[in-house]
Amino acid sequence: MADTKYIFVTGGVVSSLGKGIISASLGKLLQSRGYKVTIQKFDPYINIDPGTLNPYEHGECYVTVDGHEADLDLGHYERFLNVQTTRANNITTGRIYQSVINKERKGDYLGKTVQVIPHITDEIKRNVKLLGSKYKFDFVITEIGGTVGDIESLPFIESVRQLKWELGKNCLCIHLTYVPYIAAAKEYKTKPTQHSVKQLQELGIQPDILVLRTERGLKKDILHKVALFCNVAEDAVVQSIDVPTIYEVPLVLQKQNMDITVLKKMGLEVGPTPELTQWKAFLDKKHSAKETVKIGLVGKYVELQDAYKSIDESLLQAAIYNDRILDLHFIHSEKLSDENAAEQLAGMDGVLIAPGFGTRGIDGKFAAIKYARENNKPCLGICLGMQCMVIEFARNVLGLKDANSTEMEPNTPYKVIDMMEEQKNITNMGGSMRLGAYECVLKKGSKTFQAYKKTHIEERHRHRFEFNSSYKAQFEENGMMCTGENPETNLVEVVEIPQLNWFIGVQFHPEYSSTVENPNPLFVSFVKAAIENK
Ligand code: GLN
């Protein structure tokens with residue numbers, strides 16, 4: 001395609017309407033027509049990236065292959081498009097300002113007053129266009145975080161206004177709003193949508209397409225009314241009804257020809273409607289599954305919907321590929337102990353020990369691991385989960401009383417998990433962990449090798465501490481094997497107890513690379529083992 005097309009997705013009325021899923025779904029529809037598509041998220045907060053935020057703020061922190069700590073929407077983009085994102089796909093206000101201020105100090109604006117318009121908006125526009133010019137995408141879909149009208153998103157909205165003017169037909173704006181149902185009046189209300197569009201228009205942007213989020217289906221007259229009041233063509237008003245899984249959304253949009261509307265508005269040939277064969281096969285598998293697989297996820301953020309987003313989605317995908325309905329149970333690690341572990345975990349087919357930081361809830365993780373190990377329950381430990389497997393084994397099998405990670409107890413007599421050498425002199429908290437994809441070589445014959453079916457894999461990391469290799473022999477002599485290592489540094493990345501049916505801890509995060517069309521092999525293998533354990 002000659003020119004890159006830019007699509008902006010804004011949101012109004014309330015947050016949490018699912019701009020990320022709408023962006024990913026539209027991206028999927030365009031991609032299935034043969035276009036090269038990428039999706040980018042702009043977050044209006046001042047943090048340079050979400051790496052230093054706790055999950056209570058914005059849910060899970062996602063990690064890209066190039067080691068960027070990113071908004072969790074990038075996880076949706078990858079799961080839908082099956083294409084990796086990079087640090088160019090997630091930009092915050094903080095990063096925009098940092099880059100402008102660095103340029104100012106270097107003297108790039110010498111003599112000029114540096115201002116929000118044009119300097120900040122130019123920097124925003126440069127970051128939008130970078131994906132088109134440098135990475136040669138046909139479509140760049142840019143999701144603007146927050147809600148229209150927020151003070152902090154104004155420079156982003158202003159940049160979209162300018163780009164719409166500059167790019168003409170190569171630019172399109174989609175606005176996502178909410179149409180509430182007032183039960184007492186038995187009516188849908190379009191006023192919030194009208195107000196939100198008006199607000200966008202006041203900022204100089206006329207949306208080309210409106211997506212109305214609604215719990216139930218909207219009748220034609222409502223869509224007609226919205227079109228009329230908001231200056232949008234009737235076929236450009238799309239409704240997005242609640243569906244049982246986010247993976248149905250592309251089909252919901254396709255049914256309403258949303259991709260065709262986009263193509264027509266941008267002056268592109270429509271062509272035949274794509275079949276979405278693999279996507280539909282995945283959904284068919286989901287719909288035809290009858291039996292469940294019960295997985296217990298042990299972590300300290302279980303009351304938070306989005307804290308373990310990628311793990312939840314990886315488990316769901318793995319269950320579907322194993323022809324099962326996922327029955328996921330969140331088990332609060334702070335409420336788990338040796339006394340109640342059996343009661344809470346006996347009914348689970350498999351147990352997953354979540355990643356994390358700090359001491360809160362750590363004893364519950366040890367209790368869950370001990371129970372799984374002693375009762376031969378399939379168990380997957382991720383990052384901190386893997387480190388806890390190592391500590392539990394050291395304490396209860398090797399007899400190293402009070403063995404610990406130096407993250408939890410700097411003065412532990414047995415530092416079985418210790419800070420990585422290159423981490424010791426780092427003082428900055430942001431972006432300073434071991435981040436991004438690293439190679440790992442798996443031992444032939446190990447369970448992990450059987451899952452991946454190859455010796456060389458690459459998975460993403462996000463941690464400061466590691467398995468202390470000076471204990472390796474002691475662990476292996478007693479039955480916990482180190483079956484995956486980094487080929488350059490020899491850092492231990494995988495531990496297993498081969499004597500058990502399925503007991504694997506990984507220092508990396510397999511959940512970041514699992515997609516609908518390419519589910520992560522370790523999750524698929526874990527869920528399979530859980531089913532066999534039933
Ligand atoms: N807190 C551990 C570390 O920094 C584990 C991190 C994680 O689980 N992502 O090494």
Side-chain angles (χ1 to χ4, degrees), residues 49-65 67-70 72 75 297-302 304 306-312 314 333-334 351-366 368-369 379-392 394 403-410 412 415-438 440 459-469 471 484 486 489 491-495 504-514 520 522:
D49 60 47
T52 53
L53 298 174
N54 81 37
Y56 288 102
E57 298 287 319
H58 293 281
E60 165 189 280
C61 174
Y62 188 74
V63 179
T64 59
V65 274
H68 181 65
E69 295 174 287
L72 61 80
L297 171 57
V298 179
K300 65 176 167 180
Y301 295 117
V302 290
L304 278 181
D306 284 342
Y308 302 115
K309 195 79 213 161
S310 294
I311 292 178
D312 301 351
S314 302
S333 53
E334 278 186 294
V351 179
L352 194 152
I353 314 295
F357 296 83
T359 50
R360 184 163 73 87
I362 199 96
D363 289 329
K365 285 186 174 168
F366 295 141
I369 292 164
C379 188
L380 168 59
I382 299 180
C383 207
L384 179 64
M386 172 265 199
Q387 298 175 353
C388 288
M389 281 175 159
V390 169
I391 297 166
E392 191 278 332
N404 215 331
S405 161
T406 48
E407 177 182 9
M408 314 302 160
E409 177 48 63
T412 169
K415 304 175 177 176
V416 290
I417 302 291
D418 202 1
M419 189 172 264
M420 280 180 276
E421 217 34 63
E422 67 268 27
Q423 289 285 331
K424 288 188 178 155
N425 298 318
I426 291 175
T427 47
N428 259 2
M429 287 299 274
S432 58
M433 282 187 254
R434 181 181 183 219
L435 290 166
Y438 285 90
C440 170
E459 292 284 12
R460 302 174 211 185
H461 290 249
R462 183 174 185 245
H463 60 112
R464 289 200 168 84
F465 297 81
E466 57 157 325
F467 180 94
N468 180 347
S469 292
Y471 286 96
N486 179 294
T489 56
L491 289 181
V492 172
E493 315 281 34
V494 186
V495 295
I504 299 177
V506 288
Q507 185 59 76
F508 50 75
H509 291 263
E511 71 273 24
Y512 293 143
S513 64
S514 194
N520 183 281
L522 197 64

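Just so you know, ligand 1 is whichever comes first in the structure, and atom 1 is the first atom listed for that ligand. Nothing here was measured: the structure is a model prediction, and the numbers come from that model.
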(message) Check this for me: does any side-chain nitrogen of one of Asp306 and Lys309 sit under 4.0 Å from a carboxylate oxygen of the other?
(response) yes

(request) State whether Glu334 and Arg360 are salt-bridged, where the test is any N-O pair (Lys NZ or Arg NE/NH1/NH2 against Asp/Glu carboxylate O) under 4.0 Å. (result) yes

(message) Any donor-acceptor pair under 3.5 Å linking the side-chain atoms of Gln507 with those of His463?
(response) yes

(request) Taking atom types as modelled, find out whether Asp418 and Thr406 have a side-chain donor-acceptor pair closer than 3.5 angstrom. (result) yes

(message) Minimum distance, heavy atoms only, to atom 6 (C) of ligand 1: which one of Gly358, Gly356, Cys388 is it?
(response) Gly356

Of all the atoms in ligand 1, which lie at a distance below 4.0 Å from a heavy atom belonging to [X]?
X      : result
Cys383 : 5 (C), 6 (C), 7 (C), 8 (O), 9 (N)
His509 : 9 (N)
Arg462 : 6 (C), 7 (C), 9 (N)

(message) Quick check: Gln507 and ligand 1, any N/O pair under 3.5 Å apart?
(response) no

(request) Answer yes or no: does an N/O atom from Leu384 fall short of 3.5 Å to an N/O atom of ligand 1? (result) yes

(request) Take every heavy atom of Met433, measure it against each atom of ligand 1, and state whether any distance is under 4.0 Å. (result) no

(message) Looking only at protein heavy atoms, which one is nearest to atom 4 (O) of ligand 1, and what is the separation?
(response) Arg464 N, 3.0 Å

(message) My understanding is that only one of Glu60, Glu511, Arg462 makes a side chain to side chain contact (heavy atoms under 4.5 Å, CB included) with Pro355; could you say which?
(response) Glu511

[X], portion touching ligand 1 at heavy-atom distance under 4.0 Å:
X      : result
Glu407 : side chain
Glu466 : neither
His463 : both

(message) Given 3.5 Å as the limit, does a donor-acceptor pair link the side chain of Arg434 with the main chain of Arg464, or not?
(response) no

(message) Using only atom types and a distance under 3.5 Å, with no angle test, would you say the side chain of Ser513 pairs donor to acceptor with the backbone of Pro510?
(response) yes

